[in-house]
Amino acid sequence: MFPEVLPTLLLTLPLLGAFLALVPKGENARVISYLCASISAVSGAIWSLYVLLQGTESYVLPLPSVWGEYAICLDSFGALILLITSLIFASVSMYSLFSREGITARGASLFNLFMLSVVMAMVADHVLLLLVAWETMSLTSFLGVWGNREDKDTSAAWKYLVVTHFGAMLVIASFIFISLESGEVRLSAISGVSSSAGTLVSATLIMMLVMGFGSKLGLLPFHIWMPELYGRAPSAFTALLSSAASNVAVLVLVRAIFGYIGVSDQVTTAMIVMALAAVTALWGALQALVQNDSNRVLAYSSMENMGLILLTLGAAMLFQSYGSSEAAAFAIMAAMFHLISHTVFKSLLLMASGTVRRATGEGNIEKLGGLARTLPALSAVFLVGILAVAALPPFAGFASEWAMFKSLMHAEIITDPAIQMALPLAIATMALATAIASVAYLRLYGFIFMGRPRSQGAACPRPVEINELFPFLPMALLCLLLGVMSLPLLTQLASSVSPLVGLTSVDVVEGWSINMSHMGGLNALGLSIVLAIGILLTFLAVRSLGKRSLARGDTWDCGTQLDARTQYTPTGFSQPLLRVFNKIYDPQTTVSEEPRPSTYIRSVRFQQNLPEIFIDNFYRPLVSGVIFVSTKAKKMQNGSIQTYLAYLMITLIVLLVVLR
Amino acid sequence: MIDILGLDIINFLAAAILLISLLVMASVRMGQLVRSFALQSIILAAIAVVLANHTGSEHIYVVAVLTLVIKGIAIPRFMMYTIDRLKMRREIEPLIGIPASLLISAMLIIVAYYITEPLISSGEAVTRNCLAIAFSVVFIGMFMMISRRKAMTQMVGLLMMENGLVLAIISTTYGMPLIIELGVFFDVFLAVLIMGIFIFRINRTFETLDTTFMTRLRD
Amino acid sequence: MALIDVIITLTEVLFLLALSPLLSGIIRKIKAWIQCRKGPGILQPYRDIWKLLHKGTVMSKEASWLFLLIPYICLGAMLCLAVMMPVFYTGSSNGIGDMVAAIYMLAIFRFMMVLGGLEGGSSFGGMGSSREMMISAIVEPTLLLSIFSVAAISGTTDLSDISRYFASSGASVLSPSLFLAAAAIFISLMAENSRVPFDNPATHLELTMVHEGMLLEYSGRELALMETASYMRLTIFMVILSNIFFPWGIAMDLEAGALVIAIVAIVLKLLLISVAVAVTESLMAKLRLFRLPNLLTISFTLSLLAVMSYYIL
Amino acid sequence: MIELLLLVPLVTALLCGLSRNERHIYIFSVAGAIIMALVAIPFCYEAFFEGPIDTWLWYMDSLSALFVVIIVVIVAMVSVYSVDYQRHERTEGELTIKDLRYYHSLLHIFTLTMLLVVIVDSLGLMWIAIEATTLASAFLVGFYKKSEAMEAAWKYLIICSVGITLALLGIILIYASSVGVLGEGMDSLDWSVLSSVADQLDPALVKVAFIFIIIGLGTKAGLAPMHTWLPDAHSQAPTPISGLLSAVLLNCAMYGILRIHLLAEAAVPGFSSSLLVLFGLLSLIVAAIFILTARDLKRMLAFSSVEHMGIIALGFGIGGPLAILGALFHILAHSLTKTLMFFGAGNVIQKYGTREMKDIKGLWKAMPTTAIMIVLGGAAIAGSPPFALFVGEFLILSGAIASGSYLLAGVFIALITLIFAGMTYRIFSMSSGTPQEGLPSGEIGKLRLVPMFLLAAAVLILGLFFPDVISDALGSIVDLFEEMIG
């Protein structure tokens, strides 16, 4: 086959698409630009399949850069992530095409440019190309998620740009150090910098990389931009941001830590990373529980999932530091498997919530409800996404979460008991985070689709045409497929991850079940089949009892007339858990009573707001401090020429006297 | 190569220049300021003449003549003309009082000597002395611009710094290549002309030459 | 997947399906006996289920398409869980899933039941679901942690391997972490199956019911399926407690004598646990809702201690 | 012979000064700029690739060729832009024919003086040329007859003259230090002669000389404590002129500092580079303070020039092939991006009539093409990747890390991110929201968009690729630095 055509198609079509979207007026130009994007995505998928079969491919691009020729290279590890990201790009481009949401010139061109930068960052083999692609990704996504450019959109998107820029500067500094230390410019040639750089230096490098990429993944101190941005941005871009951008971040992070730097004994760094990731996951889950905007819930859920992935990667670093590469390989494989499944179900959910928002014109789940009856197909697709994200068996989330749990259950590898405590604590936080998160997801689904509609928009939503649902089908199918047929994906992941930790091959998969040598395995296919048979048998058994009679009556209402307000609200649903974790939320509740004419009837207003801890006691003081210092220092430019000349003279005298 | 008599004269004249710059700092009226500047330029020309006939390089004569003509006569006259034309108030309102500015000038002189000490090897004591005085004249000129309100005093301060420069040129290198000397003088003259034009414009727009009113441009 | 294994598993599933209503009947009988009243016969659950299976279903107008699917999914999940459980013979779970997968099976049942509760838009369903979610948010991590301690002791998370390891190693394995894990699982059993300290299964008093609140909307054959699924869940919890933590008497190999002993042993253990459940229910009064988190955190810390003690001791 | 190159701006200045009607002035000005560009190409090519042109008065090596290229390109862009800019001002009756004649002739005289600075061989003549640029640009800064413009021009004139006088004192001391080695011959101030004998200069004199030079020319280059004139001059000057000032005048002063830095570094290794690093950091800190709380658009761009001059000084201060290549590339990239941003600011100010950033809202809806230019330019000036300035900062950062000064790299990153935050916030909040009603939407002029597109394309292409012709040119300069210092 002609391998060169595929990468050239992959990299040049988005440029053509962006050009087509901007220059010619008229809408069909934008439709063609989206088609260019999806064709390039499909060619990307085919190329990654080709690489999976034939092995690594690398090309030198004829474009000169400051540090020599740019180059791209795709190995089997990157191919897997590129495959899943291309599929997501294809379906998201279809989504924005059919949902007419991204049909503006700006939306189409930025979609193409964003896709190009993501793909370029994934396949980059040259240090500068990777760094430029990485930050162009955040710039193009910034311009994309800038929404309809109201002031609130700008401040939300600006926070995203600045935080990711700071993260990118850390990444740039560490990659510069890596390439200078190893003397190489081609990424594929760099490996094991830690041996020459010493443990302390490589520890700082790893921490800089984790914090740098963490700013994009929503690691704790840098997560402030996520909820606000997801709430305000168009759903096509939030879907891409949470899936494609996180894929690139984790892919490059894993390659950098395990490949380029190499983990020898980084126990303290691993512990710090695990602690940070665990707290991020818990914080994400807890916050997802109390959000009222559907996109904000999904934003915190991305934060929680990324926290889990980083936790497992931290554990992999810990195992690697104690010399057990096999356990480290299994942990990395579990993390990447969860990343892949997260890409699928998170973009499905974000697009579905975007469709809900457009159909009802309402983003706040307090005002939704009862959509399952009016939009059954959409609710079915949303349910598949929710079951996958809540890690319930037949779907993708379950298999990857199972793998992550199993990878943490290797405490016996660690010799000194103090560090051994880390793993059970990690499992405890992971279990708590996943449990609370599944409550949040259930609340999200339950109060959008079930019960009675709570607003006019929800009562009669705009009907969703068939072609709008078209992009959801492959994603839902993929969710199920990844859950049920996870075996081929895992064998491929195992073989491509093992070179990272210096093993020739890791046999984590035996016969039909994923089996980490002795620790008990999971036969995802068998489990789903038995589950399906169980449900089928019950259905047949009950049908054999004869014709059923079904009558429709009112919901049990103890005599009072039920309407939109006499049913549970999402805030009410999360009150018990909010009270359990009162110390963490510390909600400010104000209960006010308005006097009413008759003494018997009182109208009471219950108002509760949850402070954002990180913004209130870290970012807000920081910003006001900087502004205070600079306003004080601005007095320096007070306009009088005498003072300006005085500065000149004082600097001169001081320099002359000091440097005599 | 310069005999003792020549060195003494140069030292004496350099000391005189230093004295006059202190006089300038102490001056209260504009007329007194311009006249002492003219006197300083004349003494500078004298040093140049003395140095020229000792070292025998004739282009220092050209420098001397230029200093005498341009800085000694032309510019002070131009300044007096502007003072009369603009009917400026004659007193100089100082930002920093006379006693304080004199004290600071003394400190600047000490700093100048402190700086030049390692520069010139102890052999040519004269040049080190002249260079130190040149530095102090430059510093005092700059301090002059800082401590006085009127735009005109700033112009005079700048010209005093130029005098310090010429003294430095003469004392250290016995005169730079002629083309550069001419260029410097031409630039100084042009600068004074342009500043004059601006002083006229400021007087027209601000009705006063007091630069402390010009503080509208601030952040 | 030898044929004999399939037959053994099927018999195990049928045995559990048949036994579970009986156990609930026995628990009710013992509670009634302790409260000095006669109480319904131990076969009453069978009669209820049989009656409900033949009754027509009344479904709320505001319920969606999912409402009728949920009972089948719940019972299907419980059956799948029963297939994974080693009841008589340790080899029968044929490795389709391990303990972690089992806990996620319980998670499907709970997830679907809560969705069912939210279906009709009734406030009782909403209240039951929100309280069930509060309890389960802490119980699930407890279960996972106790699994981790058992896996640490036995070196594997596969159900049959664990029971074979504990069965074969006799008394030497009775370390404190095992008892702590067992206590944590017992409290989770009480919480998950909405026994008294957490929720009163018998009552229909709106403010107290958690489990019943979610089933309020169901009637006829769907209610029957949900009831059987709840009974199955209780029995499976008891099987976990008996066959994973104290698997004495379980058949290690396939010959008739061992199987008979295994059946007798499992029935005895299940009765013993039912008595224990009934007695604890009668001794304790139902706790106020916001007292429950204290009890649940006790079970969470117990399981955490179980894991810690394995490594420290 | 290079005199031809100098002749062209002189002739255009005369022609513009004498012609009567408006169209002639425009044609002469633009034609003159373009001819100057064409004439400069062969000289620059020869200087870059064949070796320095050393005639009796002129000395043009690869370093000065880079600055000639920048001057020529930016002047061409400014003249094209100011044609459209002033046509709009004429329609609003602010400008008379006399002002127009005055403006264009001064513009070309200013270009002539700047060319002189970078071509001339002797340091003394270079000083005279720099003094001439101040005098020429003083009138351009004071172009509008308002009192603020007058105040800005006076401050510009006085502070720069004081700075230049100190620079002359520095040059005198350099001359004094070279007398000991070369004797009093005519040529002992010529750079070519001095560079050959640089390492034998008297170190004490060279150190004091470099202090005077960095303070003196630093004032002209806008380095930190001496930058105070810069925001006033840029905010009051007509926008094309402030573009020219920022992009080219500051670079010429930096050229002077670099010439002496080469000498000083050879004589006293390490002294002048640490001073450059000190002033670079000071400029970054001051720029960060003022950009974070900026209210006036043009003052913010002026402080961003202070920031970028600080980065360039930092680059040369760090030294090493990487940082020097980065600093040189940064000079080129900064002049292109800063001109683009000033042109954008010019459009905005002419449309909204105000420079206060809080009154400028809804750029996307009012003037979409300029909004795209300003948003991309804003991202570029703040140093975000696909644009050229990021590559400069990237190289300087790698130079800092290669030379082992990690603390410096850390402080550099922190300050750059702070400025990135301040700059992007201001620019993006300007382009969001809705414009005040009654503002007609659409661009002011079509011709002005041509130079903006060219600049934006150049900045983007330089950001992504590094064409061979530029890499060889900058490579020859880096070799010059290496052989002098390395």
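For the numbers below, each heavy atom of this structure counts, side chains included, while hydrogens, waters and symmetry mates do not. Residue numbers start from 1 in every chain, and the chains themselves are labelled A, B, ... in the order their sequence lines are given, proteins ahead of strands.
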At a 4.5 Å cut-off on heavy atoms, which part of [X] comes close to chain C: side chain, backbone, both, or neither?
| X | value |
| --- | --- |
| A/S379 | both |
| A/L536 | neither |
| A/A380 | both |
| A/L537 | neither |
| A/L562 | neither |
| A/L387 | side chain |
| A/A437 | neither |

Taking [options] one by one, which has the highest count of heavy-atom pairs under 4.5 Å against chain A?
| options | value |
| --- | --- |
| C/V139, C/L75, C/L115, C/L292 | C/L115 |
| C/G220, C/P71, C/G56 | C/G56 |
| C/P141, C/G125, C/S130 | C/S130 |
| C/I162, C/V13, C/I73 | C/I73 |
| C/E62, C/E140, C/M133 | C/E62 |

Is it the side chain or the backbone of [X] that comes within 4.5 Å of chain A heavy atoms, both, or neither?
| X | result |
| --- | --- |
| C/E222 | side chain |
| C/T142 | neither |
| C/E119 | both |
| C/L68 | side chain |
| C/V58 | both |
| C/I108 | both |
| C/F300 | side chain |
| C/A82 | neither |
| C/Y72 | both |

Look at [options] and state which one has the largest set of heavy-atom pairs under 4.5 Å with chain C.
| options | result |
| --- | --- |
| A/G370, A/A551, A/G526 | A/A551 |
| A/A372, A/G553, A/A391 | A/G553 |
| A/G534, A/P393, A/S438 | A/P393 |
| A/L442, A/L408, A/L550 | A/L442 |

Contact summary for [X] and [Y], nearest pair of heavy atoms:
| X | Y | answer |
| --- | --- | --- |
| A/A431 | C/L144 | CB-CD1, 3.6 Å |
| A/A435 | C/A137 | CB-O, 3.5 Å |
| A/F398 | C/A101 | CZ-CB, 3.9 Å |
| A/A390 | C/F111 | CB-CE1, 3.9 Å |
| A/P424 | C/L145 | O-CD2, 4.0 Å |
| A/G446 | C/L118 | CA-CD1, 3.8 Å |

Atom pair [atom1] ([X]) and [atom2] ([Y]), whose distance is rounded to the nearest 0.5 Å:
| X | Y | atom1 | atom2 | value |
| --- | --- | --- | --- | --- |
| A/W402 | C/I103 | CH2 | CD1 | 13.0 Å |
| C/M134 | A/F573 | CE | CZ | 11.5 Å |
| C/M105 | A/L527 | CE | CG | 3.5 Å |
| A/F449 | C/S64 | CZ | OG | 10.0 Å |
| A/L531 | C/L79 | CG | CG | 9.5 Å |
| A/R452 | C/S122 | CZ | OG | 8.0 Å |

CZ of A/R543: more than 12 outside heavy atoms within 6.0 angstrom?
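No, because the 6.0 Å sphere around CZ of A/R543 holds 12 heavy atoms or fewer from other groups.
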
A quick test of your reading: do over 12 heavy atoms of other residues, nucleotides or ligands sit less than 6.0 Å from CZ of C/R288?
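Yes.
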
Check whether any side-chain heavy atom of A/V530 sits under 4.5 Å from a side-chain heavy atom of C/M84, and report yes or no.
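SC-SC contact between A/V530 and C/M84 ruled out.
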
Side-chain heavy-atom pair A/F405, C/I147 within 4.5 angstrom cut-off:
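No - every pair of side-chain heavy atoms lies 4.5 Å or more apart.
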
